[in-house]
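Written out below as structure tokens is the structure these notes cover.
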Amino acid sequence: MFPSWSFANISFFQPPAFLMIGIPGLEAIHGWISIPFSSMYTAALTGNCLILLAVRRTPSLHQPMYYFLSMLALTDVGLTVATMPTTLAVLWFDHRLIGFNACLVQMFFLHFFSVVESSVLLAMSFDRFVAISNPLRYASVLTNNVIIRIGLAIVARATVSLFPLPFLLKRLNFCPGKILLSHSFCFHADVMKRACADITVNIIYGLYVVLSTMGIDSLLIALSYTLILHTVMSLASPRERIRALNTCVSHILAVLVFFIPVIGVSMIHRFGRHLPLIVHALVAYVYLVVPPVLNPVIYSVKSKPIREAMLRVLREKRKG
């Protein structure tokens with residue numbers, strides 16, 4: 001049931017709440033759709049928490065590569081928690097209202113964890129570059145203090161980049177009749193389009209954030225792998241080349257799983273206005289739900305130490 005709000009003769013308006021949607025056109029089967037979504041959220045939280053526990057409890061994994069993997073897992077937990085409550089509330093209970101300020105808070109953390117994930121993937125590419133190009137200095141370059149500083153810099157970068165977004169939205173005059181969002185969570189690009197005001201500043205700043213974070217990160221990751229490939233091709237033994245490249249496979253897959261949906265979401269929000277709403281919704285869900293689900297699978301399959309440590313944690317849980 002839609003709320004009936006009456007706002008007459010108001011020169012500046014901010015809605016008390018927005019209305020979210022689940023999967024457009026499939027509202028009748030939201031209960032069934034909630035089953036795979038619940039399964040994916042459970043898998044994401046379980047898999048990433050297992051990685052965190054495995055690294056913490058296994059001394060042999062107290063290495064830079066696995067510290068960065070822990071950062072990635074923690075970020076995926078945050079990204080999952082940021083969208084899970086509202087998505088499941090819409091699918092399970094048809095609870096579609098989200099308060100204006102709550103929407104801005106969710107939007108901030110959703111984009112915050114996305115920027116953090118991009119930065120962590122960049123840090124992991126640097127880790128692989130140092131490990132392959134200069135293995136003898138690997139431990140001395142990536143010390144615990146350096147890793148802590150990288151982690152703090154990642155958080156500071158995301159915070160500084162995204163802190164203005166909620167305030168840029170709060171200054172806008174919104175339309176009383178435009179409270180229906182395109183997703184079951186709050187995207188900056190989606191929320192700002194509900195305004196009845198000039199959103200040029202919001203568009204420019206949103207584009208700046210994307211280019212200055214994920215855009216630069218993707219270019220630097222590509223540069224890292226160009227340098228890695230150059231180093232690998234200089235190795236004399238084909239077996240050494242394969243072994244060196246094999247240590248990068250998990251990271252390359254994680255990069256693709258994250259950045260391909262990012263590109264899809266960006267393109268659709270800017271150039272896909274003519275596309276059906278269901279396409280917007282599905283691409284956004286792929287962007288936010290799939291990477292946290294797949295990353296633990298990728299690293300548990302490709303990394304034997306992680307797989308064995310995760311299985312050890314599960315066995316300890318069963319015994320306990």
Side-chain angles (χ1 to χ4, degrees), residues 34-84 88 113 116-132 135 138-139 142-144 147-148 150-151 154 228 239-240 242-261 285-320:
S34 69
I35 296 174
F37 272 88
S38 301
S39 301
M40 286 189 290
Y41 280 129
T42 302
L45 292 175
T46 303
N48 286 293
C49 288
L50 270 176
I51 287 178
L52 290 170
L53 287 172
V55 173
R56 182 183 177 184
R57 295 181 180 181
T58 309
S60 62
L61 298 183
H62 293 175
Q63 302 175 32
M65 174 183 175
Y66 300 112
Y67 288 146
F68 286 125
L69 178 57
S70 296
M71 291 184 195
L72 184 66
L74 187 60
T75 304
D76 282 337
V77 169
L79 194 59
T80 301
V81 172
T83 60
M84 181 176 66
L88 293 184
F113 285 114
V116 168
E117 180 139 349
S118 173
S119 302
V120 170
L121 289 170
L122 172 60
M124 294 173 83
S125 72
F126 176 68
D127 167 81
R128 290 298 83 211
F129 169 68
V130 175
I132 291 172
Y138 178 63
L142 289 171
T143 62
N144 288 345
I147 293 170
I148 291 170
I150 290 173
I154 287 172
I228 287 171
R239 182 175 294 180
E240 288 180 2
I242 294 172
R243 186 170 21 175
L245 289 174
N246 195 46
T247 63
C248 301
V249 172
S250 298
H251 180 254
I252 292 171
L253 291 175
V255 167
L256 294 175
V257 163
F258 177 74
F259 279 103
I260 289 176
Y285 285 126
V286 168
Y287 161 51
L288 292 171
V289 179
V290 171
V293 173
L294 289 185
N295 283 337
V297 176
I298 291 169
Y299 277 94
S300 63
V301 169
K302 293 299 299 179
S303 174
K304 185 178 178 181
I306 283 291
R307 181 171 63 251
E308 291 177 346
M310 291 171 72
L311 290 173
R312 200 176 303 118
V313 169
L314 287 174
R315 284 195 293 267
E316 290 175 359
K317 289 289 182 183
R318 286 176 184 173
K319 290 178 182 178

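Heavy atoms only: backbone and side chains are in, while hydrogens, waters and symmetry mates are out.
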Ignoring hydrogens and angles, tell me if any N or O in the side chain of Ser300 forms a donor-acceptor pair with the backbone of Val297 under 3.5 Å. yes

Rounding to 0.5 Å, atoms CG (Leu72) and OH (Tyr299) come to a distance of 6.0 Å

When every non-hydrogen atom of Ser125 is compared with those of Ile228, the smallest separation belongs to O-CD1, 4.2 Å

May I ask you to test the Met65-Tyr138 pair for a side-chain heavy-atom distance under 4.5 Å? yes

All heavy atoms of Ala254 vs all of Leu121, minimum pair found to be CB-CD2, 4.0 Å

On a heavy-atom basis, the closest approach of Tyr67 and His62 is OH-CB, 3.1 Å

Minimal heavy-atom distance between Leu50 and Met310, with the atoms involved, is CB-CE, 3.8 Å

Applied to residues 71-82, the side chain to side chain donor-acceptor pair (under 3.5 Å) test, sequence neighbours excluded, yields Asp76-Asn295

Which of Val289, Leu256, Val286 passes side chain to side chain contact (heavy atoms under 4.5 Å, CB included) with Pro261? Answer is Val286

Checking the side chain of Thr46 only, and the main-chain atoms of Ala43 only, is there a donor and an acceptor separated by less than 3.5 Å? no

Shortest non-hydrogen pair, Ala54 vs Leu61, comes out as O-CD1, 3.8 Å

In short, Pro292 meets Asn48 closest at the heavy-atom pair O-ND2, 2.9 Å

Exercise. Kindly indicate whether the side chain of Val81, heavy atoms from C-beta on, has any atom under 4.5 Å from the side chain of Leu45.
Key: yes

Next on the checklist: Centroid separation under 6.0 Å, is that true for the rings of Tyr285 and Phe37?
Outcome noted: yes

* Side-chain heavy-atom pair Ile306, Val55 within 4.5 angstrom cut-off -> yes

query = Under a 4.5 Å cut-off applied to non-hydrogen side-chain atoms, are Lys302 and Arg307 in contact?
reply = no

*Quick one: sort the Tyr287 and Phe258 rings into parallel, tilted or perpendicular, breaks at 30° and 60°.*
tilted

Taken in chain and number order and not counting sequence neighbours, the residues that satisfy salt bridge (charged side-chain N to carboxylate O under 4.0 Å, His left out) with Arg312 are none

When rounded to the nearest 0.5 Å, the distance separating CG of Leu88 from OG of Ser38 is 5.0 Å

Separation between CG (Leu288) and CZ (Phe113), nearest 0.5 Å, reads 12.5 Å

Sorted by chain and residue number, the side-chain contact (heavy atoms from CB on, under 4.5 Å) partners of Leu52 (sequence neighbours excluded) come out as Ser70, Ala73, Leu74

Rounding to 0.5 Å, atoms CD1 (Ile147) and CD (Gln63) come to a distance of 10.0 Å

To the nearest 0.5 Å, atom OG of Ser250 lies from atom CE of Met124 at 8.5 Å

So CG of Asn246 and CD1 of Ile242: to nearest 0.5 Å the spacing works out to 9.0 Å

Would you say Arg56 has more than 12 foreign heavy atoms packed within less than 6.0 Å of its CZ? no

